[in-house]
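To start, the structure under review is shown below, and the notes come after it.
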Amino acid sequence: MRGPVRPRPHIMTWIDKALDGCSPQVVINDSKTPSGRAHVGSLRGVLIHDALARVARERGLEAAFMYGCDDMDAVDEIPHGTGEQFVEHLGKPLWAAPAPEGLRGESMAEAYFGEFTGKWFDAADPPADDAPGPFDTLGVEAEFYRMSDVYRSGRLDGIIDTFLRAAADVRQIYLRLSGAERSDDWLPFQPICERCGRIGTTYATDYDGESVAYECRPDLVGWAEGCGHRGLISPFGGNGKLPWKLEWAAKWKLFGVSIEGAGKDHMAASGSHEVSSALARQVLGCPVPVPVPYEFFTLGGVKMSSSRGIGMTSSDLVEMLPPQLLRYLVLRTQPRRSINFDLDVPSLTKAFVEYERLWRSAAGSDVRPNDSQLYSVTRASPAADVPLAPEFSPPFDSVLSLAQQPHRQLAEHVSSLGVELSDADSEWLARKEATARRLMASSPDLAGVVKMLDASEAAQQRGGLDERQRNFLEHCSQRLKNLPEWDSGAIQDALFEAARDVGIDPRSDAAVVFGALYRVLFGSETGPRAGSYLAFLGRHETLTRLG
RNA sequence: GCGCCUCUAGCUCAAUUUGGCAGAGCAACGGACUCUUAAUCCGCAGGUUCUGGGUUCAAGUCCCAGGGGGCGUACCA
């Protein structure tokens, strides 16, 4: 038994749940280790955290989204696409290694972090142009920080002291949770070697409250060789760093983090998140932020790997898709579920349709609360008002088809159809067109889409046709040239008449006549319905191909 | 080993994250248009929601057990 349609209540989303119980001040934290070019999967965490911050602010909470650059981490492999010259830098902090050739930035950390986020810390090396960086484009509002700055500022010194004094407890937690056995003299601290500058190869012992003894061991790790130096150094003020799992807990304590998501690689049982949580609670007496575990985001089902250079870079994807569409694709799926998206014509066409449907729904009066929230977090910039959804918005595959004609502008074409676009509609259409052009540039063979020949290729194809077909094309040309109305019905009629002109029955010998057309248009025996395609193509372009 | 995800129409997936009419796209099938091989329109069909239990007035959804598939993780971040 069902009554009349009632407004649906707002169902708790993952965003609501994460924010549930957060005090008026919400600190959301995320970070990135800039050890290579960031692939698209890295965007998911960013967008999840940004969505949380955005909704928190909409509710009147004071929300900070802090985004850290983990530049104290060691260079632990040669970044993909760079040369052997990086061997000597293995083991150094990322801020101390040079930027790979061809990338902007003064250090490896700066180069990769800047490329990914658009945030350049070093004022001495500002962007060459005013183009917004990826985070700005996506409408992500974050406060950036560098771990090297945080260490140097001394703000972590108290926590470092606590951890060093509690070294036995730390060893115990490692052993209990992950089965990692550390010898009794091991201290949870990695000094930067004063002689060779490496941080990944040092082994610290004997903390006396002011300094630690350390040895830069040649064989501590397999990926870098320490210089053998022994020294005594203060663990404070940026002379070294905490190991990863301690550093994570330290950030929670220092910043008072209330929510921090993490990829599934951190969230496995006895994984780094569990260890960090135990360290935070037991050693630092600090609550663990609300966790938001999230699955991977892949393109084309390809497993990403920044170290192996597999997968599209994040900044390339940001340039390809409209920001709201990218946000939508990532945020419409709850974090624990994996996302795969194919950058092909059917998938993009569907994605645009679905996004526009959400947009229309959000702009309507009876929007469901959950849709409203989803739409809000997909906006390219946070705003209260909802713009009208586009009235005239041709499907992506049609836009792509038109964009295959390099000299023809979509806006021009649309106005020739007699459609008047609002500013917002033309902006959206332009974004769609830009996506189509980028897609064509990145994937030359688009599955399911014909590739149009240029005039000289068409002439070549005409040479391969038989006499009847050439004759047919001539008649087509004549009839189309004189056609008073350039619309698909009239064109289709003209094609049929042209076939009859030369004594071909267009019904029974469709392959002869349409085959000829498709050959000169696409170099193919088959193609889309001719009338509507030619209507879209335009008279001039058509006639140049018919000869 | 441990953890997470997943199994729904022929295919790809939805079904709103604390249960409320199992739905779309494509494919297929039937029809219309003197206008196609990949057009458009109309229509039809398609299901034991992996299996077995349980909770409930009500389960694709929640709980327990089992099975298939995918991924993560073990020392580094």
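Reminder, nothing fancy here: chain letters follow the sequence lines and each chain counts from 1. Values below: every heavy atom of this structure, side chains too, minus hydrogens, waters and symmetry copies.
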Write down the distance separating the [atom1] atoms in [N] and [M], rounded off to the nearest Å.
| N | M | atom1 | value |
| --- | --- | --- | --- |
| B:rA28 | B:rG46 | C1' | 9 Å |
| B:rU18 | B:rU56 | C1' | 14 Å |
| B:rC7 | B:rA14 | P | 8 Å |
| B:rU12 | B:rU73 | P | 27 Å |
| B:rC71 | B:rG66 | P | 23 Å |
| B:rG72 | B:rA9 | P | 27 Å |

Given A:E295, which partner from the list A:R337, A:R336, A:K264, A:R44 fulfils the salt bridge (charged side-chain N to carboxylate O under 4.0 Å, His left out) test?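 Between A:E295 and the candidates, salt bridge (charged side-chain N to carboxylate O under 4.0 Å, His left out) is satisfied uniquely by A:K264.
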Within the 4.5 Å heavy-atom criterion, are [X] and [Y] side-chain neighbours or not?
| X | Y | result |
| --- | --- | --- |
| A:D16 | A:R59 | yes |
| A:V512 | A:R468 | yes |
| A:M147 | A:C69 | no |

So what does A:P293 hit on the nucleic acid, given a heavy-atom distance under 4.0 Å: a base, only sugar-phosphate, or nothing?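 Nothing: the residue A:P293, judged by heavy atoms under 4.0 Å, touches no strand.
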Sole residue of A:W252, A:Y67, A:Y145 in side chain to side chain donor-acceptor pair (under 3.5 Å) with A:N29: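 The side chain to side chain donor-acceptor pair (under 3.5 Å) with A:N29 is passed solely by A:Y145 among A:W252, A:Y67, A:Y145.
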Tell me the interatomic distance from [X], atom [atom1], to [N], atom [atom2], rounded to whole angstroms.
| X | N | atom1 | atom2 | value |
| --- | --- | --- | --- | --- |
| A:E274 | B:rC2 | CD | P | 14 Å |
| A:N340 | B:rG69 | CG | C1' | 16 Å |
| A:Q190 | B:rC76 | CD | C1' | 9 Å |

Validation row, ring centre A:F189 to ring centre A:Y214 under 6.0 Å: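 No, too far apart.
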Can a donor-acceptor pair be found between the side chains of A:Q324 and A:W359 at a distance below 3.5 Å?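 Not at all, the side chains of A:Q324 and A:W359 share no donor-acceptor pair under 3.5 Å.
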Report the relative orientation of the aromatic rings in A:H49 and A:Y294; use parallel for angles under 30°, tilted for 30 to 60°, perpendicular for over 60°.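 It falls in the perpendicular class, over 60°.
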Give a yes or no on whether a salt bridge exists between A:R146 and A:D70, defined as a side-chain N under 4.0 angstrom from a carboxylate O.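 No salt bridge links A:R146 with A:D70.
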Stems formed with participation of RNA chain B [Watson-Crick or G-U wobble, under 3.5 Å, three or more pairs]: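 In RNA chain B, stems of three or more pairs: B:1-7 with B:67-73, B:10-13 with B:23-26, B:29-32 with B:40-43, B:50-54 with B:62-66.
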Selected nucleotide, minimal atom distance to [X] side chain, candidates [options]:
| X | options | value |
| --- | --- | --- |
| A:W244 | B:rG72, B:rC35, B:rA77 | B:rA77 |
| A:D76 | B:rC76, B:rG72, B:rG70 | B:rC76 |
| A:D493 | B:rC35, B:rG72, B:rU37 | B:rC35 |
| A:K17 | B:rU18, B:rC75, B:rC71 | B:rU18 |
| A:Y518 | B:rC35, B:rA77, B:rU37 | B:rU37 |
| A:E295 | B:rU73, B:rC4, B:rU37 | B:rC4 |

Give, for atom CD of A:E354 and atom OG1 of A:T349, the distance between the pair rounded to the nearest 0.5 Å.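 With rounding to 0.5 Å, CD (A:E354) is 11.0 Å from OG1 (A:T349).
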Quick one: on RNA chain B, does A:D73 or A:T333 contact a more 5' nucleotide (nearest heavy atom)?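 Final value for this comparison: A:T333.
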With sugar-phosphate taken as primed atoms, P, OP1 and OP2 and all else as base, the protein-contact string of nucleotides 6-11 of chain B at under 4.0 Å (heavy atoms; B, S, -) is S-----
